[in-house]
There are 2 protein chains.
Amino acid sequence: MDTLMLPPRAATVGLAVDVAAFAMHEGELQVLLVKRGTRPHQQVWALPGGFVQEGEELHEAALRELRDETTLTLEPRHLEQFYTFGAPNRDPRGRVVSVAHLAVLPHGHAHLREERSINGARWFPAHQPPLLAFDHAEILERAIKRLQTRLEYQGLALEFLPDTFTLPELQEVHEAILSRKLDKRNFRKRLLSQGLLAASGERRSGVGRPAQLYRRARTTRRRVSAEP
Amino acid sequence: MDTLMLPPRAATVGLAVDVAAFAMHEGELQVLLVKRGTRPHQQVWALPGGFVQEGEELHEAALRELRDETTLTLEPRHLEQFYTFGAPNRDPRGRVVSVAHLAVLPHGHAHLREERSINGARWFPAHQPPLLAFDHAEILERAIKRLQTRLEYQGLALEFLPDTFTLPELQEVHEAILSRKLDKRNFRKRLLSQGLLAASGERRSGVGRPAQLYRRARTTRRRVSAEP
DNA sequence: CCAAAAGTGTTAGGTCTACACCCATGG
DNA sequence: CCATGGGTGTAGACCTAACACTTTTGG
């Protein structure tokens with residue numbers, strides 16, 4: 001495969017993927033970051049990512065980087081490419097083009113094998129990230145925008161929650177992603193009328209009145225996704 | 001810039017852009033294709049595209065390929081990246097990743113310096129393309145889907161038309177892109193209430209009753225775009 | 001005066017928003 | 001019994017879809 005002959009003026013580029021991986025924690029949208037161990041931007045926080053390997057699909061590379069760099073114990077529930085960043089000087093080492101991906105991890109953040117793992121992977125509030133390496137602040141910003149527009153379609157919000165969950169929990173996910181409060185009654189009406197949820201009969205014990213538990217409905221997808 | 005040191009297993013890739021450039025012609029959505037002059041897929045129709053050059057932005061590369069391969073005389077009115085195709089075997093020459101772009105060209109197709117120009121650029125019905133090289137059929141399909149979802153936002157449909165146009169013409173653009181008929185009265189109500197159009201007083205002569213001419217309203221963008 | 005295309009309103013149904021009180025449980 | 005959080009309905013505004021006839025021009 002290194003027989004690829006490029007035309008004379010074509011750029012020699014590195015092909016990378018970066019992953020903005022989101023999860024909910026304590027009512028807040030969080031994003032997974034790693035502390036860079038090598039130059040450039042050594043010791044600066046960055047989105048997990050790296051170079052695509054030979055024969056590897058882009059989404060496979062995204063999955064691999066997510067697993068390797070973060071010692072995640074769970075597979076992402078959703079993974080999609082959302083934009084490609086290719087400004088000539090975005091990486092001081094040379095031309096590196098990054099296909100940015102958006103991932104959703106379910107159920108809080110008990111996913112790192114150890115808190116503040118050895119490779120320095122940690123969750124941060126997605127809306128107030130620390131200083132980020134390269135153009136990762138811009139990538140994160142666009143990932144959040146995409147997440148917001150994707151919320152409506154399909155049941156993407158469900159991917160943030162465990163198999164069973166309560167409506168207040170689901171509403172919390174929406175609110176954290178959109179950064180605004182929603183009306184409880186309208187939210188319930190809308191969600192229940194979509195037919196994506198099935199009551200699972202049981203109730204969860206807590207501080208106040210127990211909430212009805214729901215799970216994904218079997219096959220009844222009422223709304224159709226807009227784009228792959 | 002060729003000092004870029006890649007890690008051991010990183011793939012050597014060619015970075016390309018491909019452009020699905022659309023225009024209206026005789027009430028039909030058309031796409032610009034070029035006949036490939038070199039192997040692989042020699043003599044097969046393909047989207048205009050090619051390798052990104054050193055120091056070149058992705059969208060600049062898309063513009064350059066569009067101009068060079070098609071001898072276009074007009075600048076596109078809209079150009080956006082919409083998806084990156086990177087399957088390992090999509091190009092038999094080796095690993096080539098293509099950042100696909102969507103372009104809109106205004107006003108019919110009097111744009112090629114000559115019909116069936118020397119480099120074999122020609123317009124085809126976008127919904128019934130000929131056999132296409134590489135994975136360009138898939139790229140085109142997704143470009144059309146994106147075009148459809150983008151129609152609502154902003155005044156993308158306006159970009160297909162000259163400076164002044166009639167409402168029936170604008171409706172024809174919408175219908176051609178969506179592949180379905182729209183209700184005339186509802187269409188007018190909706191478009192006029194958006195405040196994107198300004199009547200330009202004049203009238204165009206034709207077969208039946210002359211139509212009111214419109215142009216883009218100055219600053220009054222009511223709806224906001226979803227994504228850059 | 002005829003053919004061709006432009007233009008014009010109303011109604012019904014559905015969707016969205018705002019808004020305040022009662023209920024079930026644990027301590 | 002009280003604190004905590006879960007659960008419920010309605011009215012007005014707005015948007016959407018369906019639907020048929022009249023107007024203006026050129027030939």
| said: Rounded to whole Å, how long is the line connecting atom CZ of Arg204(B) with atom C1' of dG26(D)? | reply: 17 Å
| request: May I have the distance from Gln212(B) (atom CD) to dT25(D) (atom C1'), rounded to whole angstrom? | output: 15 Å
| message | According to side chain to side chain contact (heavy atoms under 4.5 Å, CB included), who are the partners of Ala20(A), at least two apart in sequence or on a separate chain? | response | Phe22(A), Leu47(A), Ala143(A)
| Does Glu172(A) have any salt bridge (Lys or Arg N to Asp or Glu O under 4.0 Å) partners at least two apart in sequence or in another chain, and if so, which? | none
| Which residues share a salt bridge (Lys or Arg N to Asp or Glu O under 4.0 Å) with Glu138(A), sequence neighbours left out | Arg142(A)
| request: State which residues pass salt bridge (Lys or Arg N to Asp or Glu O under 4.0 Å) with Arg36(A); sequence neighbours excluded, sorted by chain then number. | output: none
| note | Note: Leu105(A) and Ala21(A) closest approach over all heavy atoms is CD1-CB, 4.0 Å
| field | Distance in angstrom units between Arg190(A) CZ and dT15(C) C1', rounded | value | 11 Å
| Gln194(A) has an atom CD; how far is it from atom C1' of dT15(C), in whole Å? | 12 Å
| request: Describe, as an angle rounded to 10 degrees, how the axis at the first end of the helix from dC1(C)-dG27(D) to dG27(C)-dC1(D) is tilted relative to the axis at the last end, five pairs per end. | output: 10°
| message | My understanding is that only residues two or more places apart in sequence, or in another chain, count here; which of them pass ring pair (Phe, Tyr, Trp, His ring centres under 6.0 Å) with His78(A)? | response | none
| Salt-bridge criterion met for Asp135(A) and Arg90(A) (N-O under 4.0 Å) | yes
| Hey, can you pull the residues of residues 178-189 of chain A with a non-hydrogen atom under 4.0 angstrom from DNA chain D? | Lys184(A), Arg185(A), Arg188(A), Lys189(A)
| query | What residues form a side-chain hydrogen bond (donor to acceptor under 3.5 Å, both in side chains) with Arg77(B), not counting sequence neighbours? | reply | Glu159(B)
| Please give, in whole Å, the distance from dA6(C) C1' to Phe165(B) CZ? | 16 Å
| task | Tell me, please, which residues at least two apart from Ser200(B) pass side-chain hydrogen bond (donor to acceptor under 3.5 Å, both in side chains). | result | none
| note | Here the distance between atom C1' of dC16(C) and atom CD of Glu152(A), to the nearest Å, is 13 Å
| note | Between CG of Leu191(A) and C1' of dC16(C) the distance, given in whole Å, is 14 Å
Which atoms of nucleotides 22-27 of chain C (N or O only) lie under 3.5 Å from a protein N or O atom, and what are those distances?
from    : atom 1 : to        : atom 2 : distance (Å)
dC23(C) : O2     : Arg209(A) : NH1    : 3.3

| remark: Residue set satisfying ring pair (Phe, Tyr, Trp, His ring centres under 6.0 Å) with His41(B), at least two apart, ordered chain then number -> Phe134(B)
| note | Residues at least two apart in sequence or cross-chain that pass salt bridge (Lys or Arg N to Asp or Glu O under 4.0 Å) with Glu75(A), listed by chain then number, are Arg67(A)
